[in-house]
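Accompanying notes for the structure given below.
Just so you know, ligand 1 is whichever comes first in the structure, and atom 1 is the first atom listed for that ligand.
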Amino acid sequence: MEKAFSGIDIEARFEHARDVIREAGKRAMEYYEGDAADLAIETKTNALDMVSIADKNVEAIIRDRIGDAFPEDGFLGEEMGIEKGDNDCLWVIDPIDGTACFVNQMPTWCISVALMIGKEAVIGLIYHPCNDELFSAVIGDGARVNGEPAKASSAKRVSDGVMGIGMSHRLPSSSIVPVIGQLLDEEGMFIRNGSCALMMAYASAGRLIGYYEPHINPWDCMAGIVLMREAGGWCNDFLDLPNVLEDGGPILAAGPNVAKHLADMIGISYRG
Ligand code: IPD
Ligand code: CA
Ligand code: CA
C-alpha cells in the first residue's frame with residue numbers, strides 16, 4: 001500500500017471510508033425498504049434521470065462523516081457538486097448509483113466512493129447493500145470482495161462471458177447500437193442492470209468480462225476504475241480525458257485478455 005503521496009495517510013482514509021460506506025448503505029436500505037411514496041422523487045432531464053431524497057441524504061452522510069475525520073479533503077458528489085479542499089485529496093461520490101432501480105424496487109443499486117489524490121484514483125469502494133457485498137481496493141494492494149481477493153475475468157474471447165453495457169440519454173442511440181451488434185455477431189452477450197458502478201464492481205470480481213458505456217460521469221466509474229485495475233483488469237485512460245471531472249467521457253473496463261480486442265472493436269485507444 002506504500003506509495004509516494006507525501007503526508008497523506010491513505011490507509012486511515014480507506015479504513016474510515018469503509019465504515020462510512022456501510023453506514024450510508026444502512027441508511028439507504030431504510031429508504032429502500034420504506035414507503036416508496038415517501039421518497040420525494042424529482043426528475044432531472046427525463047424519466048430515467050432522477051434523484052430522490054435518499055440520494056441527497058446519503059451523500060450528505062458520506063460527506064459529513066468523511067469531512068469530520070479529514071476536514072482538509074475535498075469532495076465531488078453527484079448531488080452536491082464540487083467543494084475543493086486544502087490538500088490534493090478529492091472524494092468522488094455517487095450516493096446511489098442505479099436510482100431508477102432504487103425507486104422502482106429493484107435491488108441493483110449501490111453506493112460508490114473513491115478517493116483521488118491529484119490526478120490519480122487511489123481508493124475504490126462500492127457497496128451493494130441488498131447483497132451486503134463490499135468491493136474494495138487501494139492502489140498497490142489488490143482488490144477484494146468482502147475481504148476476499150478479487151480478480152478480473154480471464155476470458156480470452158468475448159463469447160467466453162457476459163459484458164456489462166451502460167447507456168443513458170446523454171448520447172444518441174447510435175453511440176451504442178453498433179457496439180451491441182458487433183458483440184452479438186461474435187457470439188458475445190451483454191447485460192445492463194441499471195448501475196454502472198455495480199457492473200464495474202462485478203467486472204473486478206470476474207463476474208462480467210468487462211464494462212462499456214459511451215458516456216459516464218466521474219462519480220459513476222471512479223471507484224470501479226481503481227477496483228478493476230487492482231483486480232488485474234484494464235481500463236481506458238479516463239482520467240486523462242480533457243475536463244473529465246466536469247464533462248465525463250467514455251469508460252471501457254475489461255479483463256486483460258479481451259481488453260485490446262474490445263478497445264479496437266469500440267474504437268477506444270489501447271495502451272497495454
Ligand atoms: C446512472 C447509472 C446507469 C448509467 C448512467 C448513470 P444514476 O447513474 O449508473 O447505469 O448507465 O449513465 O447516469 O443516475 O443511477 O446515479
Ligand atoms: Ca450514477
Ligand atoms: Ca446517482
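Using a 4.0 Å cut-off between charged nitrogen and carboxylate oxygen, R63 and E59 count as a salt-bridge pair.
For a threshold of 3.5 Å applied to N or O pairs, the pair formed by G98 and ligand 1 contains at least one separation below that value. Checking only distances, T99 does come within under 3.5 Å of ligand 1, N or O to N or O. Of the polar atoms of M199, none of the N or O atoms is found under 3.5 Å from an N or O of ligand 1, judged by distance alone.
Listed by number with element, the atoms of ligand 1 under 4.0 angstrom from any heavy atom of S168 are 12 (O). In summary, the atoms of ligand 1 found under 4.0 Å from a heavy atom of E213, numbered by their order in the structure, are 4 (C), 5 (C), 11 (O), 12 (O). Residue E78 has at least one heavy-atom neighbour below 4.0 Å for each of these atoms of ligand 1: 16 (O). Set against the non-hydrogen atoms of I216, the atoms of ligand 1 under 4.0 Å away are 12 (O). In summary, the atoms of ligand 1 found under 4.0 Å from a heavy atom of R170, numbered by their order in the structure, are 5 (C), 12 (O), 13 (O). Taking every heavy atom of I96 and a limit of under 4.0 angstrom, the matching atoms of ligand 1 come to 16 (O). Set against the non-hydrogen atoms of D220, the atoms of ligand 1 under 4.0 Å away are 6 (C), 8 (O), 9 (O).
Judged by distance alone, the side chains of E213 and Y211 do bring a donor and an acceptor atom under 3.5 Å apart. No donor-acceptor contact under 3.5 angstrom links the side chains of N257 and S154, judged on distance only. There is no side-chain donor-acceptor pair under 3.5 Å between S112 and D97. N193 and Y202 share no side-chain donor-acceptor pair at under 3.5 Å. Under the 3.5 Å distance criterion, with hydrogens and angles disregarded, no donor-acceptor pair is assigned to the side chains of N236 and Y270.
Note on residues 249-263: pairs passing salt bridge (charged side-chain N to carboxylate O under 4.0 Å, His left out), not counting sequence neighbours, are K260-D264.
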Below 3.5 Å, can you tabulate the donor-acceptor pairs from side chains in residues 172-187 to any protein atom, sequence neighbours excluded?
{"from": "S175", "atom 1": "OG", "to": "P172", "atom 2": "O", "distance (Å)": "2.7"}
{"from": "E186", "atom 1": "OE1", "to": "H261", "atom 2": "NE2", "distance (Å)": "2.7"}
{"from": "E186", "atom 1": "OE2", "to": "H261", "atom 2": "NE2", "distance (Å)": "3.2"}

If you apply the rule side-chain contact (heavy atoms from CB on, under 4.5 Å), what do you find for M199 with T108, and how did you get there? CA-CA 9 Å; M199 284 185 276; T108 47; over 6 Å; no
Could you walk me through whether R18 and E11 pass the salt bridge (charged side-chain N to carboxylate O under 4.0 Å, His left out) test, one step at a time? CA-CA 11 Å; R18 205 174 41 186; E11 194 161 351; over 6 Å; no
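Inspection of the environment of the Ca ion (ligand 2) yields the following protein N, O or S atoms under 3.0 Å: D94 OD2, D97 OD1, D220 OD1.
Contact annotation: for D97 versus ligand 1, heavy atoms closer than 4.0 Å belong to both the backbone and the side chain. At a 4.0 Å heavy-atom cut-off, ligand 1 does not touch D55 at all. Residue contacts with ligand 1 for N217 are absent, since no atom lies close enough (heavy atoms, distance under 4.0 Å). Only the backbone of M167 comes within 4.0 Å of ligand 1, judged by heavy-atom distances. Under 4.0 angstrom from ligand 1, there are no non-hydrogen atoms of A197.
Listed for the E230 side chain is a donor-acceptor partner under 3.5 Å among the backbone atoms of G140. Formation of a donor-acceptor pair under 3.5 Å by the R170 side chain with backbone atoms of H215 is found in this model.
Its side chain outside the 4.5 Å cluster rule for every partner, V226 clusters with none of the Ile, Leu, Val, Met, Phe, Trp and Tyr residues.
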